[in-house]
Amino acid sequence: MTETSEAAEPVAKAGADRVSDRVATKLLDMIARGELTPGQRLPGERQLAEQMQVSRVSVRAALQQLKTQGFLAAVQGGGTRVLSTAGDMDPALTEMIRVKFDNLYDLAEIRVILESWAARRAAVNATPEQVAEIGRTVVAMAQPSRGKLRATDDVDFHIAIGKAAGSPVYMHILSVIRDTLTQMLEFHRHELFERSEDKIVLAQHRAIHRAIDRHDPDAAAAAMTAHLTWVLDHYHAARRRRDEAGAEKPPVADATAG
């Protein structure tokens, strides 16, 4: 009797592990689709177990797995939330970007590669609802009354494309840099670009949206590359001006001050 019980235990544990892997994959899919957003608190273990029709043991194991991987974090007092900000996951990143222009430039250069890939993936994977969400951010950006909120609309645009790309890995990267990205785009709107260039930025965003709406991955990647390369050109010009001035000026801190 003892031998049967001992033999059965590893088999049962292996089965539970496989179920927990499926639960973890489901939660990652929900994060990628934007159903679970950065900072959002997850339902309790019992509710998740009922929703997914699995045991609480499997849910608990899946949550622990995602915490270890850095996708989720425990909430003080109980519960779990989706990790959200660079401050949560890597406070050094925000500080590096805040104090040195060259670090901000490096991030802008990296974005060309990452976001062109995301736009290509979004053109392949976006649902009609996700295309519409991207379109709504562009419409909001075009409203004259938005003023300084255009930077927020800009962040929402790029996050919406990330959701449409359908990649948990990419959404995790965005969750790490989201606060830094927000500060970066505020710097773009208020310091790097001229106000007269708002129409150019809007036209570039519209071109990206149209390509994703047509499900044309090559055009979507090309439109995103063109937009972010245009941004990089502004960084080149700003760096020349800073070098000529002979002083390093903290970029993001100035953009967000006041």
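Only heavy atoms go into these numbers, but all of them, side chains included; no hydrogens, no water, no symmetry mates.
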Report the C-alpha separation of Arg60 and Leu63 in whole Å, then their side-chain angles, then the decisive distance to 0.1 Å, and conclude whether the side-chain contact (heavy atoms from CB on, under 4.5 Å) test is met.
CA-CA 5 Å; Arg60 190 174 302 121; Leu63 294 178; 5.8 Å; no
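- In this structure, Glu186 and Ala151 approach most closely via the heavy-atom pair CG-CB, 3.7 Å.
- The closest side-chain heavy-atom distance from Leu72 to Gln64 is not below 4.5 Å.
- In this pair, His234 and Trp230 present their aromatic rings tilted. The plane angle is within the 30 to 60° band.
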Full working for side-chain contact (heavy atoms from CB on, under 4.5 Å) between Leu232 and Tyr105:
CA-CA 8 Å; Leu232 274 178; Tyr105 173 86; 3.6 Å; yes
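- The two residues Ile212 and Ala119 come nearest to each other via the heavy atoms CG1-O, 4.1 Å.
- Smallest separation of non-hydrogen atoms from Ala62 and Ser20: CB-O, 3.3 Å.
- Looking at Asp153, Asp154, Thr137 one by one, the single match for side chain to side chain donor-acceptor pair (under 3.5 Å) with His205 turns out to be Asp154.
- A side-chain donor-acceptor contact under 3.5 Å links Gln130 to the backbone of Thr127.
- The OG1 atom of Thr80 sits 9.5 Å away from the CG atom of Leu66 when rounded to the nearest 0.5 Å.
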Arg81 vs Gln40, side-chain contact (heavy atoms from CB on, under 4.5 Å): CA-CA, chis, key distance, verdict
CA-CA 5 Å; Arg81 66 182 175 85; Gln40 181 176 343; over 6 Å; no
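- Residues Leu192 and Ile200 share a hydrophobic cluster, clusters being chains of Ile/Leu/Val/Met/Phe/Trp/Tyr side chains in contact below 4.5 Å.
- Checked against side-chain contact (heavy atoms from CB on, under 4.5 Å), Ile113 has no partners two or more places apart in sequence or in another chain.
- Within the 4.5 Å cutoff, the side chain of His209 has no heavy atoms near those of the Arg206 side chain.
- Here the straight-line distance linking atom CG of Leu202 with atom NZ of Lys199 works out to 10.0 Å at 0.5 Å rounding.
- Judged as a salt bridge (Lys or Arg N to Asp or Glu O under 4.0 Å), and not counting sequence neighbours, Asp213 has no contacts.
- Of all heavy-atom pairs spanning Leu48 and Pro43, the tightest one is CD1-O, 3.6 Å.
- No chain of hydrophobic side-chain contacts below 4.5 Å, direct or via other Ile, Leu, Val, Met, Phe, Trp or Tyr residues, connects Val124 to Val169.
- Taking the side chain as every heavy atom from C-beta outward, Asp216 and Arg210 never approach each other to under 4.5 Å.
- Using a 4.5 Å heavy-atom cutoff, the side chains of Phe193 and Val231 are in contact.
- No donor-acceptor distance shorter than 3.5 angstrom exists from the side chain of Gln53 to the backbone of Glu50, with no hydrogens or angles considered.
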Are Arg46 and Val59 close enough, and set up right, to give a side-chain contact (heavy atoms from CB on, under 4.5 Å), and what steps lead you there?
CA-CA 8 Å; Arg46 183 187 299 276; Val59 168; over 6 Å; no
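- Contact of the Arg22 side chain with the Val54 side chain is not registered, since no non-hydrogen atoms from C-beta on lie closer than 4.5 Å.
- Put simply, CD1 on Ile173 and CD1 on Ile110 are 10.0 Å apart, with the number rounded to the nearest 0.5 Å.
- At a threshold of 4.5 Å between non-hydrogen side-chain atoms, the residues Val75 and Arg41 count as touching.
- In this structure, CD1 in Ile159 is found 6.0 Å from CG in Leu181, a value given to the nearest 0.5 Å.
- Annotation: side chain of Tyr235 is in contact with side chain of His188 (closest heavy-atom distance under 4.5 Å).
- Ser58 and Val19 make their closest contact through OG-CG1, 3.4 Å (heavy atoms, listed as atom of the first residue, atom of the second, distance).
- Residues Ala126 and His215 approach most closely at O-CE1, 3.2 Å, considering heavy atoms.
- For residues 114-125, the side-chain hydrogen bond (donor to acceptor under 3.5 Å, both in side chains) pairs, not counting sequence neighbours, are Arg111-Glu115, Glu115-His158, Ser116-Thr225, Arg120-Asp218.
- Put simply, the side chain of His236 reaches to within 4.5 Å of the side chain of Asp233, judged on heavy atoms.
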